[in-house]
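My questions will all concern the structure given below.
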There are 2 protein chains.
Amino acid sequence: MSTPIPDIDDDKALRTSADRVFEALQDAIVRGDIAPGSRVGETDLAERFGTSRGPLREALRRLESRRLVERTPHVGIRIASLSPEALVEIYFVREALEGMAARMAALHMTDAEIAGLRALLVAHQQDEALRSDTAYFQQEGDLDFHYRVIQGSHNAALTELLIGELYHRIRMYRYQVSAYPNRPQKAFAEHQRIVEAIEARDGDLAEMLMRRHISSARRNFEQLMKENA
Amino acid sequence: MSTPIPDIDDDKALRTSADRVFEALQDAIVRGDIAPGSRVGETDLAERFGTSRGPLREALRRLESRRLVERTPHVGIRIASLSPEALVEIYFVREALEGMAARMAALHMTDAEIAGLRALLVAHQQDEALRSDTAYFQQEGDLDFHYRVIQGSHNAALTELLIGELYHRIRMYRYQVSAYPNRPQKAFAEHQRIVEAIEARDGDLAEMLMRRHISSARRNFEQLMKENA
DNA sequence: TCAACGTCTATTGTCGACAATCCACCCCGC
DNA sequence: GCGGGGTGGATTGTCGACAATAGACGTTGA
């Protein structure tokens, strides 16, 4: 108890209480401020977020849709915990979706967007030169890169699925196991070649490279799991 | 079609009222019993489904997550209507995801599942021989075929995304525009070749064929839209 | 006549209380 | 001592009432 949860977002931009709780609670879950797998009571949560159980339950239903909490009727809710196996499953989904996103990005990104993407890579290169092995920063940068490619697809359904649903779970896992090594220099090189393909407006190549990029990250992760077992 | 809303599911298997309303309302939206794009009041809906506004709002939040209703704070909710452009976007997502599903189905489906899949095709062939142009039936059969391949991937994340989220919107569109022609005989031939690839355990081929199958359905749809405009 | 303002009503957002259900613990019988 | 049933407590599910907001309508002034 005490003040375990980072302050509720008091910003009034999100009008309703249910929306604020939804964002705050999602953030708390993703950041691991609430232990994954733990059972939580509605009354406690409502009190903690300074609202009543009505809006809280609405927020919970949305989090349930996003697979961030699991609910069993008349029993309660528990914070979702992503197993390594489930993460591997998501890797396959990412490979398919982001591959398609890269293809469409190569076809539909504006020149300005591509320029911004390359600028991002340059920034990463400099940062990486300094702090070569701090995986965390690279991970956030990695997310940034993928975000931009996804949005570059100009496909709202695709973007919503990836950023709105999948990425929260992935980030949750990254917080759970604090920064597992993820070959930053190699990933960076792959990013660079993806951008080159996009610049060349080569959809086939962009998709292929992105799929290889993600599937090799998956294999790296699977290897890591095998070693730790 | 007489009763305005298909009877609320009185089955007690779904324990809570919010769950029942969620399913019933989703069904009503998908079937078009509530006009797409129409504004609906919470009080009306609650009364219509025989519950109070509390559970109804929880159901609405989940439907909002599935993009079946759109909500603007302090104003109300409106039933989502899927534009042709949005459907095209979803076709691309399907192409990526179902392509991956076909690949994984070729690798992971059990022999029994494959046998069932082929049996389904045989049944389709016979039915289709009789009613060669009734698109509706073929469509439901089409869904059935795709369902099985998706579940054959044995990837829960993939299955949940496709069947749990995307397919409701697709079905909604099929009800909206009553049975647009979708080249049943050609689709059937494509299904057959996909099954052959799965039987051969050829993941690469299965994915390629499935992607072609879906993208050619998309192009067929886009062509149709152009003609009607 | 038109536009801007203010009021007013209908609808949504929020809350607290009550009812229903489950789980843990205890008691009783074997 | 052990298993089964029952009871108590706590938690979730549901409801009706109240507060707050937005949009519609009428009014007033130029």
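Side-chain atoms are counted along with the backbone in the values below, which use heavy atoms only and exclude waters and symmetry mates. All values reported here derive from a predicted model rather than from experimental measurement. In what follows, chains are A, B, ... by sequence order, proteins preceding strands, each numbered from 1.
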Inset, instruction - Please assess A:H168 against A:I29 for the test side chain to side chain contact (heavy atoms under 4.5 Å, CB included), listing each intermediate value before the final yes or no. - result: CA-CA 9 Å; A:H168 295 293; A:I29 292 173; over 6 Å; no
Legend entry - Spacing of B:D44 atom CG relative to C:dA10 atom C1', expressed in whole Å: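 So the two atoms are 11 Å apart, to the nearest Å.
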Inset, instruction - State which of D:dT14, D:dA22, C:dT12 makes the closest approach to the side chain of B:V75. - result: D:dA22
Legend entry - A:L56 CG to D:dT14 P, straight-line distance once rounded to whole Å: 15 Å
Inset, instruction - For B:G76, answer base if it contacts any base atom (sugar-phosphate contacts may also be present), sugar-phosphate if it contacts only those atoms, and nothing otherwise; contact means non-hydrogen atoms under 4.0 Å. - result: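 Counting heavy atoms under 4.0 Å across all strands, the contact made by B:G76 is with sugar-phosphate only.
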Inset, instruction - Could you state the atom-to-atom distance from CZ of B:F49 to P of D:dG13 in whole Å? - result: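 Interatomic distance, CZ of B:F49 to P of D:dG13: 20 Å.
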Inset, instruction - Check every atom of D:dT11, D:dG13, C:dC15 against the side chain of A:T51 and return the nucleotide holding the closest atom. - result: C:dC15
Inset, instruction - Mind calculating the distance between CD (B:E47) and P (C:dT12) to the nearest angstrom? - result: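 It works out to 13 Å between those atoms.
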Legend entry - Rounded interatomic separation in angstrom, taking CZ from A:R57 and P from C:dC15: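 Taking atom P of C:dC15 as the reference, CZ of A:R57 is at 15 Å.
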Legend entry - Whole-Å distance separating the CD1 atom of A:I77 from the P atom of D:dA10: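 Rounded to the whole Å, the gap is 20 Å.
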Legend entry - Residue-phosphate contact under 4.0 Å: A:R53 side-chain N/O, C:dC15 OP1/OP2: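 For A:R53, the contact criterion (side-chain N or O under 4.0 Å from OP1 or OP2 of C:dC15) is not met.
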Inset, instruction - Have a look at B:G41 and say if it touches a base, only the backbone sugar-phosphate, or nothing, with a 4.0 Å heavy-atom cut-off. - result: sugar-phosphate
Inset, instruction - Measure from the side-chain heavy atoms of A:T16 and tell me the nearest of C:dT14, D:dC15, D:dT11. - result: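 So the side chain of A:T16 is nearest to C:dT14.
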Legend entry - Stepwise ring-ring contact (aromatic ring centres under 6.0 Å, His included) test for B:F22 and B:F49: CA-CA 10 Å; B:F22 172 74; B:F49 287 99; over 10 Å; no
Legend entry - Side-chain H-bond candidate by donor/acceptor type, B:E89 with A:H154, under 3.5 Å: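 Looking only at side-chain atoms, A:H154 and B:E89 do not form any donor-acceptor pair under 3.5 Å.
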Legend entry - N/O (side chain, B:R15) to phosphate O (OP1/OP2, C:dC22) under 4.0 Å: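 B:R15 to C:dC22 OP1/OP2: side-chain N or O found under 4.0 Å.
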Inset, instruction - Can you tell me the distance, in whole Å, between the CZ atom of B:F22 and the P atom of D:dG13? - result: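 The answer, rounded to whole Å, is 16 Å.
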Inset, instruction - Mind calculating the distance between CG (B:L45) and P (C:dT11) to the nearest angstrom? - result: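 From B:L45 CG to C:dT11 P: 12 Å.
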Inset, instruction - Could you tell me whether the side chain of B:L68 reaches within less than 4.5 Å of the side chain of B:I79, counting heavy atoms only? - result: no
Legend entry - side chain to side chain contact (heavy atoms under 4.5 Å, CB included) between A:H191 and A:H213, worked out: CA-CA 8 Å; A:H191 285 185; A:H213 173 56; 3.1 Å; yes
Inset, instruction - Measure from the side-chain heavy atoms of A:H74 and tell me the nearest of D:dT11, C:dT14, C:dT21. - result: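 Nearest to the side chain of A:H74 among the choices is C:dT21.
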Legend entry - Residue A:P55, side-chain heavy atoms: nucleotide from C:dC15, D:dT21, C:dC22 that is nearest: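 Output: C:dC15.
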